[in-house]
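Worksheet: one structure, shown below.
For ligands, and for the atoms within them, numbers begin at 1 and follow the listed sequence.
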Amino acid sequence: MFMIDKTSGEKKIEELQEQYSKTKYNKATNKYLGQLRAKIAKIRREIESHSRRSGTGYSVRKSGNATVVLVGFPNAGKSSLLRVLTGVQSKVADYAFTTLDVIPGMLEYNGAKIQVLDLPGLIQGAHIGRGGSLKIISVIRIADLMLFVIDINAHQQVYQLVDELGMLNIRVNQERPKIRLERTAAGGVHIEGNGHRIPGRDVILSVLNEFKIFNGDLVFYQDTTDQMLIDFVADNCVYIRGVVALNKIDTADSRKIEALKNEIEAKTGMRVIPISAKMADNIDDVKKKVFDGLGLIRVYLKPKDGSPDFGKPLVLDGGASIIEVVRKINTKLVKSIKYAYVSGPSSKFANQRVGEDHKVMDGDVVTVVFDF
Ligand SMILES: Nc1nc2c(ncn2[C@@H]2O[C@H](COP(=O)(O)OP(=O)(O)O)[C@@H](O)[C@H]2O)c(=O)[nH]1
Ligand SMILES: [Mg+2]
């Protein structure tokens with residue numbers, strides 16, 4: 001195992017985290033704890049912007065429709081899963097810490113090309129730079145989905161990983177907090193809670209002050225924890241969906257598999273797929289859940305007087321409109337769109353005529369009419 005030298009920033013974070021964990025939570029310490037967390041978030045933001053500038057990350061080029069990273073402890077079965085998903089032989093050995101680099105594979109499913117990256121295993125202490133984690137994190141941050149690979153005989157690792165990633169400002173299966181801040185020149189801080197559960201005024205002010213914000217209107221649109229407020233103000237988190245592959249089920253009985261699947265789903269909000277990478281068991285379900293988790297959609301083009309080509313879907317991101325459909329065919333055509341005919345989940349009836357802003361859905365058949 002190798003370890004990155006800790007910088008002064010990382011040491012400072014360790015100190016603050018120690019103070020944080022030593023302090024009992026109550027009404028009197030509430031504000032102090034908020035301050036500590038805001039300080040940690042701020043130092044971390046500095047470290048990250050530094051490591052981006054100095055280029056300590058791996059350089060990984062995104063390719064295909066979407067990028068999925070395999071996240072897990074060493075020995076969980078990441079390289080084995082990469083092989084059964086994509087055919088790419090990343091080094092598999094009977095001892096830990098074998099993969100030291102990022103190994104890319106390409107998974108083709110439903111007409112989509114999904115890039116799958118096998119990363120060196122993440123281990124405890126990742127948030128302070130253990131195990132070369134800062135490089136690994138720089139790759140995870142660009143992912144569209146995290147596929148957690150968890151050994152069923154060490155399933156607690158999924159919770160440790162979610163915690164570690166949390167400390168590295170990667171939020172798993174969470175949405176960006178719905179909060180708005182409008183800075184004003186004077187007048188102090190106005191808080192609109194809209195009836196939601198929000199941090200106390202003293203905590204809010206101490207967090208804002210830590211980021212040198214002394215005036216403004218702060219509006220909450222949902223129940224908000226202290227951490228969510230800090231995430232919003234520091235603006236340094238990425239929000240990535242996750243799916244769990246619970247691996248090595250060939251070594252467990254069905255009662256244990258079912259119980260752990262339910263437990264992890266309840267505690268993390270992620271879908272859990274029990275698999276055996278070794279026996280290639282349930283791998284199709286992984287592919288399906290990855291495709292669904294990415295929110296990709298398929299649209300079939302139909303010539304005006306012909307039939308749709310169901311063998312060759314256009315794969316688009318969820319929320320795409322007719323404009324994105326045309327951009328996929330040829331960017332230059334976008335300015336010539338007249339209208340389109342849509343049949344399928346997004347249309348009210350067959351061959352509905354729609355404008356270029358119409359949002360398409362998975363399974364739509366589309367005919368675009370141009371105005372040349
Ligand atoms: N029994 C069993 N062993 C597995 C399974 N998947 C991987 N392994 C074994 O676990 C070890 C680590 O696998 P590897 O893919 O290298 O894990 P990585 O370190 O996460 O990349 C190897 O000995 C694999 O043969 C599985 O589904 N069942
Ligand atoms: Mg490996």
Using a distance threshold of 2.8 Å, state whether an N, O or S atom of N75 lies below it from the Mg ion (ligand 2). no

Note: ligand 1 atoms sitting under 4.0 Å from heavy atoms of S276 are 26 (C), 27 (O)

Under 4.0 Å between heavy atoms, the region of P74 that gets near ligand 1 turns out to be backbone

Among M279, K278, K248, closest by heavy atom to atom 9 (C) of ligand 1 is K248

So is G77 polar-close to ligand 1, meaning N/O to N/O under 3.5 Å? yes

Residues 325-372 vs ring pair (Phe, Tyr, Trp, His ring centres under 6.0 Å), sequence neighbours excluded, gives Y339-Y341, F370-F372

Is there at least one pair of N or O atoms, one from A277 and one from ligand 1, spaced under 3.5 Å apart? yes

Next item on the list: Would you check the N or O atoms of S79, main chain and side chain alike, for any that come under 3.5 Å of an N or O of ligand 1?
Entry: yes

| task | Please indicate whether any nitrogen or oxygen in I275 is less than 3.5 Å from any nitrogen or oxygen in ligand 1. | result | no

The reported gap from CG in L294 to OH in Y109 (rounded to nearest 0.5 angstrom) is 12.0 Å

query: Can a donor-acceptor pair be found between the side chains of Q115 and T67 at a distance below 3.5 Å?
result: yes

Run the contact test for A76 against ligand 1 with a 4.0 Å cut-off on heavy atoms, strictly below, and give the result.
yes

Within a 6.0 Å radius of atom CZ on R271, are there more than 12 heavy atoms belonging to other residues, nucleotides or ligands?
no

Heavy-atom proximity to atom 14 (P) of ligand 1, picking from A245, A252, S80, points to S80

So CG of D118 and CG of L147: to nearest 0.5 Å the spacing works out to 10.5 Å

Problem - Verdict with supporting geometry, I322 and D357, side-chain contact (heavy atoms from CB on, under 4.5 Å) - result: CA-CA 6 Å; I322 297 293; D357 292 327; over 6 Å; no

Counting from 1 in the order shown, the ligand 1 atoms closer than 4.0 Å to a non-hydrogen atom of T251 are 1 (N)

Numbered in order shown, the ligand 1 atoms found under 4.0 Å of a heavy atom of D250 are 1 (N), 2 (C), 26 (C), 27 (O), 28 (N)

Open item on the list: Under 3.5 Å, is there a donor on one side chain and an acceptor on the other for T184 and D217?
Closed with: no

Ligand 1 to K78 polar contact by distance, N or O atoms, under 3.5 Å = yes

Answer yes when R180 and E182 have at least one side-chain N-carboxylate O distance shorter than 4.0 Å, and no when they do not.
yes

Q) Does the S343 side chain pair with the main chain of N351, one donor and one acceptor, at a distance under 3.5 Å? A) yes

